[in-house]
**Q** 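This is the structure I want to talk about, given as structure tokens.
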Amino acid sequence: MNLLIKLLITTVLVVVISKFLPGISIASYQSAFIVAIVLALLNAFLKPILIFLTIPATILTLGLFLLVINAVIIMIGDYFVDGFSVSGFWTAFLFSIILSVCQSILNGIFIEKD
């Protein structure tokens, strides 16, 4: 049940952020839900590999390079989902920061702790 709630939170956030952030466009709510699923899959499977491959850069930047990895994940999601587009790296960077912060807040409110 928590997975479905997280996907719905991400879907709503993608739609809301795309309304306010220029350079991000979403075609429909269905596309936003697909974006949420694709981002969840990319974060589960691809992100750990990218983190492992970029350990030296992450250490040198004191962890700030992880923000770049998040932006790259967003841009890869743009590649895979037809109804979702990101205009550039800096837009993806800002989108990933806003999405991460809002997800943390809303997951803390709505997700049950065991």
Side-chain angles (χ1 to χ4, degrees):
M1 187 63 148
N2 285 343
L3 177 64
L4 183 61
I5 293 171
K6 286 182 181 183
L7 285 174
L8 290 175
I9 287 171
T10 304
T11 302
V12 170
L13 287 174
V14 166
V15 170
V16 170
I17 295 169
S18 71
K19 299 288 184 194
F20 293 108
L21 189 63
I24 303 288
S25 65
I26 221 47
S28 65
Y29 294 110
Q30 182 181 6
S31 296
F33 188 68
I34 293 170
V35 167
I37 293 171
V38 167
L39 289 179
L41 291 172
L42 288 172
N43 282 329
F45 296 110
L46 183 62
K47 189 174 181 178
I49 296 168
L50 291 175
I51 290 172
F52 179 73
L53 293 174
T54 60
I55 286 174
T58 303
I59 291 172
L60 285 174
T61 61
L62 302 175
L64 291 177
F65 194 75
L66 293 174
L67 297 173
V68 173
I69 292 174
N70 284 342
V72 168
I73 293 291
I74 297 293
M75 294 183 77
I76 293 171
D78 170 29
Y79 176 77
F80 284 120
V81 180
D82 288 333
F84 177 62
S85 67
V86 180
S87 64
F89 174 78
W90 292 110
T91 305
F93 187 80
L94 185 59
F95 179 80
S96 70
I97 291 172
I98 295 170
L99 184 66
S100 297
V101 169
C102 293
Q103 279 178 330
S104 296
I105 292 168
L106 292 177
N107 285 340
I109 293 171
F110 292 110
I111 301 296
E112 297 176 6
K113 296 176 179 76
D114 293 334

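Below, each value reflects all heavy atoms present in this structure, side chains not excepted, and no hydrogens, waters or symmetry copies.
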**Q** Only one of Val35, Ile24, Ile34 forms a side-chain contact (heavy atoms from CB on, under 4.5 Å) with Val14, so which one is it?
**A** Val35
**Q** Spell out, yes or no, whether Ile17 and Ile109 are grouped together once hydrophobic residues are joined by side-chain heavy atoms under 4.5 Å, including indirect joins.
**A** yes
**Q** Report yes or no: do Met1 and Leu3 belong to one cluster of Ile/Leu/Val/Met/Phe/Trp/Tyr joined by side chain heavy-atom distances under 4.5 Å?
**A** no
**Q** Look only at the side chain of Ser18 and the backbone of Val15, and say whether a donor-acceptor pair between them is shorter than 3.5 Å.
**A** yes
**Q** For the atom pair CG (Leu66) and OG1 (Thr61), what is the distance rounded to the nearest 0.5 Å?
**A** 7.0 Å
**Q** If you look at every heavy atom in Gln103 and Thr10, which pair is closest and at what distance?
**A** NE2-OG1, 2.8 Å
**Q** Please walk me through it: do Phe110 and Ile9 pass side chain to side chain contact (heavy atoms under 4.5 Å, CB included)?
**A** CA-CA 9 Å; Phe110 292 110; Ile9 287 171; 4.1 Å; yes
**Q** Distance check, rounded to the nearest 0.5 Å: Ile55 atom CD1 versus Leu60 atom CG?
**A** 12.0 Å
**Q** Check whether Val68 and Ile74 end up in the same hydrophobic cluster, where Ile, Leu, Val, Met, Phe, Trp and Tyr are linked by side-chain heavy atoms less than 4.5 Å apart.
**A** yes
**Q** Please say yes or no: joined through hydrophobic side-chain contacts below 4.5 Å, possibly via intermediate residues, are Ile97 and Leu50 part of one cluster?
**A** yes
**Q** Compare every heavy atom of Leu42 with every heavy atom of Gly77, then report the nearest pair and how far apart it is.
**A** N-CD1, 3.8 Å
**Q** Taking Tyr29 as the starting point, is it possible to reach Phe33 by hopping between hydrophobic residues whose side chains are less than 4.5 Å apart?
**A** no
**Q** Show the nearest heavy-atom pair for residues Met75 and Ala92, with the distance to one decimal.
**A** CG-CB, 3.6 Å
**Q** Roughly how far, to the nearest 0.5 Å, is the CG atom of Leu21 from the CG atom of Leu94?
**A** 5.0 Å
**Q** Could you check if a side-chain atom of Asn43 sits within less than 4.5 angstrom of a side-chain atom of Ile73, using non-hydrogen atoms only?
**A** yes
**Q** Hey, could you give me the CD1/OG1 distance between Ile26 and Thr11, rounded to the nearest 0.5 Å?
**A** 9.0 Å
**Q** Might you confirm whether atom OH of Tyr79 has over 12 heavy atoms from other residues, nucleotides or ligands at distances under 6.0 Å?
**A** no
**Q** Of the options Ile98, Leu8, Ile105, Leu106, which is the one that meets Leu13 in a side-chain contact (heavy atoms from CB on, under 4.5 Å)?
**A** Leu106
**Q** How long is the span from the CG atom in Leu7 to the CG atom in Asn2, to the nearest 0.5 Å?
**A** 11.0 Å
**Q** Any idea which heavy atoms bring Ala71 and Ser96 closest together, and the distance?
**A** N-OG, 3.9 Å
**Q** Closest heavy-atom contact between Lys47 and Asn70?
**A** NZ-OD1, 2.7 Å
**Q** Kindly give the heavy-atom pair with the smallest separation between Thr91 and Pro22, and that separation in Å.
**A** CG2-O, 3.7 Å
